[in-house]
Amino acid sequence: MPNESSSPSHEDLNEILRLRREKLDKLRALGVNPYPYRFEKDTHIPDLLRDFDSKIENAEHVGPVFSIAGRIHTVRIMGKAGFCHVRDEFGEMQIYVQRDRVGEQAYEIFRHLLDIGDIIGVRGTVFRTKTGEPTLRAQSFELLSKSLHPLPVVKECEGQVFDAFTDKEARYRQRYLDLAVNPSVREIFRVRARIISAMREFLDGRGFLEVETPALQPLYGGALAKPFTTHYNVLDRDFFLRIADELYLKRLLVGGLERVYEISKDFRNEGMDKFHNPEFTMLEFYQAYADYRDLMDLSEELFRFVARAALGTTEVTYQGRTIDFAKPFRRVTFFDLLKQATGTDLVGASARELAEVALKHDVPITREMGEGKILDEMMKTLVRPGLLEPTIICDYPLSLSPLAKKHRDDPRLVERFQPFAFGLELGNAFSELNDPLDQRERFEAQRKLKEAGDEETQPLDEDFLRALETGMPPTAGMGIGVDRLAMLLTDQTSIREVILFPQLRS
RNA sequence: GCACCCAUAGCUCAACUGGUAGAGCAACUGACUCUUAAUCAGUAGGUUUAGGGUUCGAGUCCCUGUGGGUGCACCA
């Protein structure tokens, strides 16, 4: 055991970590601050690489001087000179460090005290190596942050990647490593950011007002889901994290705001899998004096706008299949789809009749299922797998939607629609129920379901009913799952790939 | 929640029907002033996820826990 460590804690570390600490001490002994305050960085790497040949130094290595900063990802040292690659947020570039140019002490630091993973700033002129790679010839460099942990080293040759950092648990728990080492991950979150800003741009441009409503609510509502419960000590009472924004946004409609939207984190106390994270991002928007048909048009435009903003095209490829959001969505009613699948018109059918048809088509159902659940199950097994092309399903059965307005032509239905693409559900919209008496009856029906043992029901919200009784204009509203849209537009099959820090067991 | 699969060096992976843990990269020492999966010579690095059991002997078989993945169920 070598005994060179200058502080006792070094002995507790494994060899790799201990050596890094020792390098830190040596740097300090040389008068180098391993964590300085700032660096005058004048360009991002891709900007430097653009029009590169116009910036190249002359034969005497004289030319314009550039400074870049980023993390060291590779090092190749050959005696009195060496190469490394430095990566900033947007790109990567090779650096050439020569002893005779940066000086003996700096070169020794480069050679012995810098590591893959360190963040450095480099000043120099640019040239192409004999193989043509754009390279920065260092005049000087500065250590900007010493890394005390080894960075996973991913190598690449002719497009082939070696030793990729792929362990999902490590990638999610240490997302900073994932982002540092896997450039495609950065791109996913850039696309996600563009999706969200495109939503804002789209809605702002159409007169919608962005608002913020409580995440901490005395009563939850707006969706059928189990909430997270917490306790507010000052009031000594329980509160819920919102499962949806709906009931608050509708109160704003009552207040006379005609177009509102909110992009919010919602929380649902349910399982997590490739489509569900306990906290997720939702866009909800509401437009007064409009009905669900208006929103069908608007939402198609929104998807088109968002896809173009996020990807630069309306053509979206997901898991090897391509669709074009520029084409109008197919529009079809819930019961027409079921009729196509089963040959039977099921509008108004009883649970018993539905069960019979379901069994005939091998839909897995149980005795306890009411008509709503059976219908839902039939959709899921018989219809949804075939919905690859963008499709709007509309006119849902009343029993599934306690906050939607009854269909103007058929009281057994509600004016509700959901857009689908690649079999993925992209949203949920309806002509909002604004009849306070009907709404009260729906709440009562929900209460009966709860008494019968249903855990996911909409609790009666007296305060919300009072708002509705004050009068809400005819309104259409929509919710869009932002994470799922991000999955679709980034071609990911797991929600964890589009959430920076997905929930994991601790 | 249930079922199945997985967990070995910092990273990516080996280790046959149980026989005493190995490689590449990273690291360390040295050589090399246009390398680029740099190369060459050498060195070091492990409580095999945790705990228990079977066995002369366990990375390997059994049980339990933890974490991850996949599928089912519920939901967006």
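Since this is a predicted model, take the numbers as computed values, not measurements. Residue numbers start from 1 in every chain, and the chains themselves are labelled A, B, ... in the order their sequence lines are given, proteins ahead of strands.
Note on ring orientation: taking the six-membered ring where Trp is involved, the planes of A:Phe240 and A:Tyr220 are perpendicular (angle over 60°, cut-offs 30° and 60°). A tilted orientation is assigned to the rings of A:Phe305 and A:Phe202, their planes being inclined by 30° to 60°. Ring geometry, A:Tyr292 versus A:Phe417: the interplanar angle falls from 30° to 60°, so the pair is classed tilted. Aromatic ring orientation, A:Tyr396 versus A:Phe334: tilted (interplanar angle from 30° to 60°). In this structure, A:Phe464 and A:Phe443 have perpendicular ring planes: the angle between them is above 60°, well past the 30° mark.
Closest contact between the side chain of A:Thr129 and the listed nucleotides B:rC34, B:rG68, B:rA37 involves B:rC34. With B:rA37, B:rA26, B:rA38 as the candidates, the nucleotide lying closest to the side chain of A:Ile116 is B:rA26. The side chain of A:Phe162 lies closest to B:rA37, out of B:rC34, B:rA37, B:rG69. Out of B:rG67, B:rU35, B:rC74, the shortest distance to the side chain of A:Lys380 is found at B:rC74. The listed nucleotides are B:rG67, B:rG69, B:rC34; the one nearest the side chain of A:Arg505 is B:rG67. Comparing B:rC25, B:rU35, B:rU29 by their closest approach to the side chain of A:Arg76 singles out B:rU35. Which of B:rC28, B:rA44, B:rA38 sits closest to the side chain of A:Glu15 comes down to B:rA44. With B:rC34, B:rC32, B:rU35 as the choices, the nucleotide that has an atom nearest any side-chain atom of A:Arg111 turns out to be B:rC32.
An OP1 or OP2 oxygen of B:rC74 is reached within less than 4.0 angstrom by no side-chain nitrogen or oxygen of A:Lys226. Dashed line: the shortest gap from a side-chain N or O of A:Lys80 to OP1 or OP2 of B:rA31 is not under 4.0 Å. Taking 4.0 angstrom as the limit, A:Arg18 places none of its side-chain polar atoms (N or O) nearer than this to OP1 or OP2 of B:rC28.
Where A:Asn428 and A:Gln98 meet RNA chain B, the nucleotide closest to each residue was compared, and A:Gln98 sits on the side nearer the 5' end. With RNA chain B read from its 5' end, the first of the two nearest nucleotides for A:Ala223 and A:Ala81 is the one closest to A:Ala81.
B:rG24 and B:rG68 have their P atoms separated by 33 Å, given to the nearest Å. A distance of about 33 Å separates the P atoms of B:rU17 and B:rU43, rounded to the whole Å. B:rC32 and B:rG10: their P atoms are spaced 32 Å apart (whole Å).
Identified under the salt bridge (Lys or Arg N to Asp or Glu O under 4.0 Å) test for residues 492-506 of chain A, with sequence neighbours left out: A:Arg171-A:Glu497.
Taking atom NE2 of residue A:His85 and atom C1' of nucleotide B:rA38, one finds them 12 Å apart after rounding to whole Å. With rounding to whole Å, A:Leu136 atom CG is found 18 Å from B:rU35 atom P. In this structure, the CG atom of A:Leu19 is 11 Å from the P atom of B:rA27, given to the nearest Å. As a whole-Å value, the separation of A:Arg20 CZ from B:rC28 P is 8 Å.
Nucleotide B:rA21 forms a pair with no other nucleotide shown, judged by Watson-Crick or G-U wobble geometry with both contacts under 3.5 Å. Nucleotide B:rG46 is matched to nothing when pairs are restricted to Watson-Crick or G-U wobble geometry with both distances under 3.5 angstrom. When Watson-Crick and G-U wobble pairs are counted only if both distances are under 3.5 Å, B:rG59 pairs with no nucleotide at all. As the counterpart of B:rA31, B:rU39 is assigned, both hydrogen-bonding distances of the Watson-Crick or G-U wobble pattern falling under 3.5 Å. Pairing for B:rC2 goes to B:rG71, judged as Watson-Crick or G-U wobble with the two contacts each under 3.5 Å.
Within the 4.5 Å cutoff, side-chain heavy atoms of A:Arg175 are placed close to those of A:Pro502.
A:Arg330 and A:Glu389 are not joined by a salt bridge, as no carboxylate oxygen comes within less than 4.0 angstrom of a charged side-chain nitrogen. Between A:Glu108 and A:Arg99 there is no salt bridge, since no side-chain N of the basic residue sits under 4.0 Å from a carboxylate O of the acidic one.
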**Request:** Would you mind building the protein contact string for nucleotides 6-13 of chain B? One character per nucleotide, 5' to 3', B for base within reach (heavy atoms under 4.0 Å), S for sugar-phosphate only, - for untouched.
**Result:** ----BSS-

With the criterion being N/O to N/O and under 3.5 Å, what pairs connect the protein with nucleotides 70-73 of chain B, and how long is each?
from	atom 1	to	atom 2	distance (Å)
B:rG71	OP1	A:Lys274	NZ	3.4
B:rA73	N6	A:Asp273	OD2	3.3

**Asked** Can A:Arg192 and A:Thr281 be said to form a side chain to side chain donor-acceptor pair (under 3.5 Å), step by step?
**Response** CA-CA 11 Å; A:Arg192 186 185 164 110; A:Thr281 304; 3.1 Å; yes

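Taking the six-membered ring for Trp and the full ring otherwise, the centers of A:Phe285 and A:Tyr261 sit at least 6.0 Å from each other.
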